[in-house]
Amino acid sequence: MQEKYLASEIERAAQNYWDTARSFYVNENSNKPKYYCLSMLPYPSGKLHMGHVRNYTIGDVISRHYRMRGFNVLQPMGWDAFGLPAENAAMQNNVPPAKWTYDNIAYMKHQLQSLGFALDWKRELATCDPEYYRWNQWFFLRMLEKGIAYKKTQIVNWDPVDQTVLANEQVIEGRGWRTGALVEKRELPGYYLAITKYADELLGALDDLPGWPERVKAMQANWIGRSTGVRFAFPYRIDGLASDKLWVYTTRADTLMGVTFCAVAAEHPLAAHAASHNPTLAEFIAECKRGSVMEADMATMEKKGMPTGLHVLHPITGAQIDVWVGNYVLMSYGDGAVMGVPAHDERDFAFAKKYGLPIKQVVAVENLEFSTDAWQEWYADKAAGRCVDSGKYDGLDSSAAIAAIAEDLRSMQLGEPQVHYRLRDWGVSRQRYWGCPIPLVHCETCGTVPVPDADLPVVLPQDCVPDGSGNPLAKREDFVNCSCPRCGKPARRETDTMDTFVDSSWYYARYCTPGADAMVDARTNYWMPVDQYIGGIEHAILHLLYSRFWTKAMRDLGLVSYDEPFKNLLTQGMVLNHIFSRRNAKGSIEYFAPEEVELKHDDGGRVLSAVAKRDGEPVEYGGVGTMSKSKRNGVDPQSLIEQYGADTARFFMMFAAPPEQTLEWSDTGVEGAFRFLRRVWAMGHQIQSSGIVAQLPATLSADLAATRREVHLLLRQANYDLTRFQFNTVASATMKMLNAIEKAPAGEGRGAVMTECFSILIRVLSPITPHICHALWCDLGYGDDVLAASWPEPVEAALKQDEETLVLQVNGKVRGSITVKVGAAKQTIEQVALDSEVAQKFLVGTSAKKVVVVPGRLVNIVV
RNA sequence: GCCACGGUGGAGAAAUCGGUAAACUCAGCAGACUUAAAAUCUGCCGGCCACCAGGCCUUGCGGGUUCAAGUCCCGCCCGUGGUACCA
């Protein structure tokens with residue numbers, strides 16, 4: 001073996017070995033237990049960034065560890081290849097998204113391979129491949145048949161200059177990112193998937209996912225947002241309107257007697273009716289329709305309203321209630337109308353104060369004074385209050401009042417209790433080119449007709465170049481023009497494509513069944529569910545909820561036999577980097593990569609200002625944020641790999657922080673990871689040249705026994721840390737092992753202790769830095785392939801010790817230590833502590849009030 | 001705004017059950033080796049007080065529970081992720 005650590009040579013050799021031996025190609029014919037380890041598939045943005053390296057190294061460490069523990073491990077990889085960035089790149093470089101995407105895939109695949117991940121590449125898939133997305137189309141048609149997919153209108157961000165739909169990401173401060181034009185809300189028809197039909201199951205099944213982080217389950221539960229309340233109506237009679245009821249939903253029916261107004265969404269029929277002969281109101285409604293559709297914008301904007309001049313009747317008292325239009329009422333949520341109870345709802349309170357609407361208290365809490373001057377938390381407290389000034393409901397508590405009022409509404413046929421979800425159905429239509437075509441045909445005679453299964457896939461043309469003004473598919477006559485599958489007459493193809501979350505909702509199942517001429521086949525039931533799923537915390541809600549929904553829909557269509565796709569979930573923390581941007585003259589935003597920017601710091605190291613190196617003009621510092629193509633703040637690991645090797649990059653990534661924690665990028669410390677690997681190599685060389693000693697002598701000197709004990713203790717700790725995926729401390733355990741081996745004292749058996757301890761070190765380190773460990777394992781003659789080695793376990797005999805040291809505290813402060821026999825009785829320990837010189841010093845003129853003994857840890861004397 | 005998570009030395013971090021705060025590493029400082037540099041090795045490295053012995057303080061801020069709090073409870077501040085068309 002070479003004396004010097006030559007990373008690139010070692011890595012090439014190890015990768016060649018794995019390729020030749022087909023080490024990571026797996027199948028279902030194994031007598032080992034299966035283990036499906038899956039990392040979220042990357043978007044092929046051009047180059048890997050540090051977030052990818054982190055994600056895939058975590059997955060690889062888990063995969064290799066489980067493999068050495070005797071599992072049949074599947075670890076596949078693929079490409080989330082449809083999406084917006086390809087269209088943006090196309091506009092910038094005049095390259096078709098298809099070419100850009102496939103070029104990126106080729107480059108990034110090469111990068112992944114150079115990192116030495118234990119991937120089964122024969123299962124690779126790209127979601128932009130017609131052989132993949134045909135099954136999106138096929139399944140969409142099945143959902144259409146089952147009524148899970150349906151059509152209704154959706155509200156989108158509209159750029160009036162580019163005449164195009166904008167993604168939320170493309171709306172910055174209410175303006176289109178390219179044009180700077182004020183964004184408008186526009187209604188378009190679109191297809192929805194009825195995820196709300198599964199809301200109860202999606203919520204309930206969270207309890208059956210003990211391997212998911214609590215925080216993710218909490219977020220999903222809140223997102224689904226099940227509530228029980230009452231849906232009821234305010235009756236009205238308004239000339240020119242056929243309907244005679246204004247429906248609302250509330251969880252606080254107990255405050256119904258405090259209603260002083262109603263508010264409807266700008267798109268509500270009552271608003272439209274009132275506006276038809278009220279230009280001021282029409283103008284206000286138009287104003288409500290300006291701005292983006294984002295929830296964060298809706299929630300933070302100033303709450304505004306305008307009276308419609310219409311009124312409805314209180315369902316119980318019959319009193320006239322004014323109807324307002326409110327910019328904060330969402331048509332897409334419930335019935336697009338809400339009751340206003342200013343006394344007991346904080347938002348209604350602010351609204352009433354602003355417009356001088358009456359505030360009527362109907363819930364009181366003993367000893368607390370209600371005042372309309374300022375909002376107080378208890379006004380909305382469901383638990384403490386009782387009804388007042390509410391007629392026959394006076395004195396009832398919240399739940400009794402809700403029950404009584406719901407019953408009265410029911411008897412009047414004006415409402416009933418209802419379970420409500422915050423979750424909305426999943427709108428999947430996108431007015432974009434680079435996505436999976438929705439397999440429908442529009443015929444003047446037959447209406448909307450599904451493309452027959454035999455004609456799937458509807459293939460997306462590969463050579464379009466978007467220009468930012470709408471979907472180029474609509475201009476492609478050869479795509480759009482077709483004949484109706486039903487009547488044969490000329491017809492037009494649907495040009496909307498599917499949300500890319502469709503692509504990623506079932507790819508994990510397709511990995512299991514490469515080459516199947518169905519969506520999936522029986523092999524999926526061998527591998528699924530995924531035993532360990534690893535991906536960014538940013539997917540905690542949407543991707544993970546859609547995948548769970550999709551799995552249940554596939555199950556209900558008889559395609560798979562499992563209920564949940566991901567048994568265990570590890571949510572990786574984001575890798576963050578600094579963000580710099582500038583708004584140009586047109587009002588659009590340009591981002592600068594950190595290396596394109598020069599920083600000025602204050603004395604404390606805080607960023608004061610930044611200028612672009614290119615032109616010396618100032619750029620705005622946007623703080624830190626997740627590495628992304630669009631913000632141009634990704635760091636390419638390539639130079640790291642070239643300079644130090646894949647093992648150093650992998651080790652450093654694992655060492656830097658625990659997987660779930662957010663990581664602010666900095667490359668200081670990479671050098672240290674490299675130094676460590678060089679020392680590991682040097683130790684291997686030293687052991688090899690001084691001769692490998694397999695047999696430990698019958699007895700060891702106390703010093704050597706201590707070295708051996710330390711390494712076995714570290715092994716015990718590392719094994720524990722592996723079970724909880726805390727790889728940073730596994731990495732530091734291997735560093736501590738090396739420190740101990742290097743300091744191994746002279747004496748009989750030194751070679752044997754070093755040989756044994758180093759074999760432990762290599763195996764524990766091998767999932768993190770597989771190349772160097774592969775080389776050392778072979779070169780030192782431990783075996784042919786470290787992948788086939790058994791995972792090390794600490795040896796009890798090596799851990800044994802006769803005495804232990806306990807911390808001695810007086811009044812909770814550390815004052816010294818005592819040494820006792822292992823397993824000594826509490827009374828004995830107490831006596832040793834009290835007799836100690838340190839304790840005696842503190843006991844002069846007083847006595848111990850209490851002595852707390854924590855076995856194996858400490859003694860605390862309270863005086 | 002709302003939901004979730006986080007905040008520990010100059011930096012990344014560790015501390016498994018409420019039991020020695022800062023393991024391991026980076027940066028820095030001092031030294032050894034060297035003609036020199038690189039590499040390597042050794043020592044120091046939270047703050048204040050002290051001649052030493054040692055003492056006091058310190059886990060974003062303010063309170064609380066406890067023999068004992070980074071860890072548990074209450075109230076704030078700041079940061080990150082998500083917020084349904086970024087993926």
Side-chain angles (χ1 to χ4, degrees), chain A residues 40-43 45 80 82-85 88 154 156-157 165-171 213-216 218-223 225 293-301 328 332 347 423-432 499-501 504 536-543 545-546 571 573-574 576 605 623-626 628-631 652 655-658 660-664 666 668-673 675-676 678-679 682 717 720-721 724 726 728-729 731-736 739 805-814 817 849-852 854 856-862:
Chain A
M40 289 181 186
L41 82 178
Y43 179 80
S45 56
D80 189 16
F82 275 138
L84 208 48
N88 296 330
Q154 46 180 353
V156 297
N157 302 306
V165 176
L166 295 177
N168 285 335
E169 188 194 43
Q170 297 172 321
V171 179
E214 287 305 322
R215 60 168 162 162
V216 174
M219 282 189 262
Q220 292 212 348
N222 291 334
W223 183 259
V293 301
M294 278 180 275
E295 194 207 24
D297 289 346
M298 300 294 288
T300 52
M301 72 187 176
Y328 61 94
S332 54
R347 189 169 60 181
L423 179 69
R424 305 197 297 261
D425 277 344
W426 175 12
V428 293
S429 293
R430 297 289 180 273
Q431 295 69 44
R432 309 204 181 284
D499 181 4
T500 56
F501 276 124
S504 55
I537 183 67
E538 72 273 25
H539 294 295
I541 296 173
L542 294 181
H543 162 63
L545 194 62
Y546 291 149
T571 45
M574 311 260 62
L576 310 181
V624 291
T626 160
S628 77
K629 177 100 185 157
S630 60
K631 290 180 185 130
F652 174 62
F655 181 69
E660 303 222 278
Q661 193 163 308
T662 303
L663 177 63
E664 212 172 294
S666 153
T668 62
V670 177
E671 193 78 41
R675 267 203 292 266
F676 168 66
R678 203 159 45 194
R679 274 170 59 209
Q717 182 65 43
Y720 173 74
D721 288 344
R724 55 175 183 154
Q726 190 171 282
N728 56 325
T729 49
S732 63
T734 62
M735 288 177 142
K736 290 176 184 175
N739 290 345
T805 302
L806 303 183
V807 161
L808 177 59
Q809 292 185 341
V810 179
N811 286 337
K813 286 186 196 291
V814 180
S817 60
K849 280 200 202 105
K850 184 176 179 179
V851 182
V852 182
V854 184
R857 290 239 174 231
L858 59 68
V859 182
N860 187 15
I861 300 170
V862 185

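Convention: sequence-line order gives letters A, B, ...; per-chain numbering from 1. Note: hydrogens, waters and symmetry copies are ignored here, and every other heavy atom, side chains too, is used.
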Q. Going through the distances and angles, do Met298(A) and Tyr328(A) end up as a side-chain contact (heavy atoms from CB on, under 4.5 Å)?
A. CA-CA 6 Å; Met298(A) 300 294 288; Tyr328(A) 61 94; over 6 Å; no
Q: Any strand is fair game: report the nucleotide pairing with rG19(B) by Watson-Crick or G-U wobble, both distances under 3.5 Å, or none.
A: rC67(B)
Q) Nearest-Å distance, NZ (Lys631(A)) to C1' (rC86(B))? A) 8 Å
Q: Fit a plane to each ring of His539(A) and Phe501(A), take the angle between them on a 0 to 90° scale, and name the class: parallel (under 30°), tilted (30 to 60°) or perpendicular (over 60°).
A: perpendicular
(Q) Whether Arg675(A) contacts rC26(B) is assessed here as follows: a side-chain N or O lying under 4.0 Å from the phosphate OP1 or OP2. Is that the case? (A) yes
Q. Would Phe655(A) pass as stacked on rC24(B), i.e. its ring centre under 5.5 Å from the base's six-membered ring centre and planes under 30° apart?
A. no
(Q) With a cut-off of less than 4.0 Å, is there a side-chain N or O of Thr500(A) near OP1 or OP2 of rA87(B)? (A) yes
Q.
Mind checking if Ile861(A) touches a base, just sugar-phosphate, or nothing, with heavy atoms under 4.0 Å?
A. nothing
Q) If we take the P atom in both rC72(B) and rG6(B), what is their distance in whole Å? A) 9 Å
Q | Heavy atoms of other groups near Arg857(A) CZ, more than 12 under 6.0 Å | A | no
(Q) So Val807(A), base contact, sugar-phosphate only, or nothing? Heavy-atom distance under 4.0 Å. (A) base
Q) When all nucleic acid strands are considered with a 4.0 Å heavy-atom cut-off, which category describes Phe501(A): base, sugar-phosphate, or nothing? A) base
Q: Give Ala540(A) one of three labels, base, sugar-phosphate or nothing, depending on what nucleic acid heavy atoms sit under 4.0 Å from its own.
A: nothing
Q: Just label rC17(B) as syn or anti from its O4'-C1'-N9-C4 or O4'-C1'-N1-C2 angle, using within 90° of 0 for syn.
A: syn
Q: Please state how far atom CG in Leu84(A) lies from atom P in rA84(B), giving the value in whole angstrom units.
A: 15 Å
Q. Expressed in whole Å, how much space separates the C1' atoms belonging to rG9(B) and rA22(B)?
A. 7 Å
Q.
Could you check whether the side chain of Lys736(A) and the base of rA23(B) have a donor-acceptor pair of N or O atoms closer than 3.5 Å, going by distance alone?
A. yes
Q. Looking only at side-chain N and O atoms, does Arg424(A) come under 4.0 Å of OP1 or OP2 in rA84(B)?
A. no
Q | Sugar-phosphate, base or nothing in reach of Trp426(A), heavy atoms under 4.0 Å | A | nothing
**Q.** Any N/O donor-acceptor pair, Glu660(A) side-chain to rC5(B) base, under 3.5 Å
**A.** no
Q: Name the pairing partner of rG9(B), where a pair is Watson-Crick or G-U wobble with both distances under 3.5 Å, or state none.
A: none
Q.
Under 4.0 Å from OP1 or OP2 of rU40(B): is there any side-chain N or O of Arg678(A) that close?
A. yes
**Q.** Base partner of rU83(B), which must satisfy Watson-Crick or wobble distances under 3.5 Å
**A.** rG1(B)
Q: Ignoring backbone atoms, establish whether Lys813(A) has a side-chain N or O less than 4.0 Å from OP1 or OP2 of rA21(B).
A: no
(Q) Tell me if rG47(B) is syn or anti. Syn = glycosidic torsion within 90° of 0, anti otherwise. (A) anti
Q. What nucleic acid atoms does Arg347(A) come within less than 4.0 Å of, heavy atoms only: base, sugar-phosphate, or nothing?
A. nothing
Q: Tell me the partner of rC29(B), counting only Watson-Crick (N1-N3 plus N6-O4 or O6-N4) or G-U wobble (N1-O2 and O6-N3) with both under 3.5 Å; none if nothing fits.
A: rG43(B)
(Q) On the nucleotide rA15(B), are OP1 or OP2 found under 4.0 Å from the side-chain N or O atoms that Gln726(A) carries? (A) yes
Q: Using the P atom as the reference point in each nucleotide, state the distance between rC51(B) and rC44(B) in Å, no decimals.
A: 23 Å
Q) Hey, does the side-chain of Asn222(A) have a donor or acceptor N/O within less than 3.5 Å of a partner on the base of rC3(B)? A) no
Q: For Pro42(A), report the nucleic acid contact type (base, sugar-phosphate, nothing); a contact means any heavy atom under 4.0 Å.
A: nothing
(Q) Hydrogens and angles aside, do Ser628(A) and Thr626(A) bring a side-chain donor and acceptor to less than 3.5 Å of each other? (A) no
Q. Do any side-chain nitrogens or oxygens of Asn728(A) fall under 4.0 Å of OP1 or OP2 in rC24(B)?
A. no
(Q) Strictly below 4.0 Å: does Asn739(A) bring a side-chain N or O up to OP1 or OP2 of rU25(B)? (A) yes
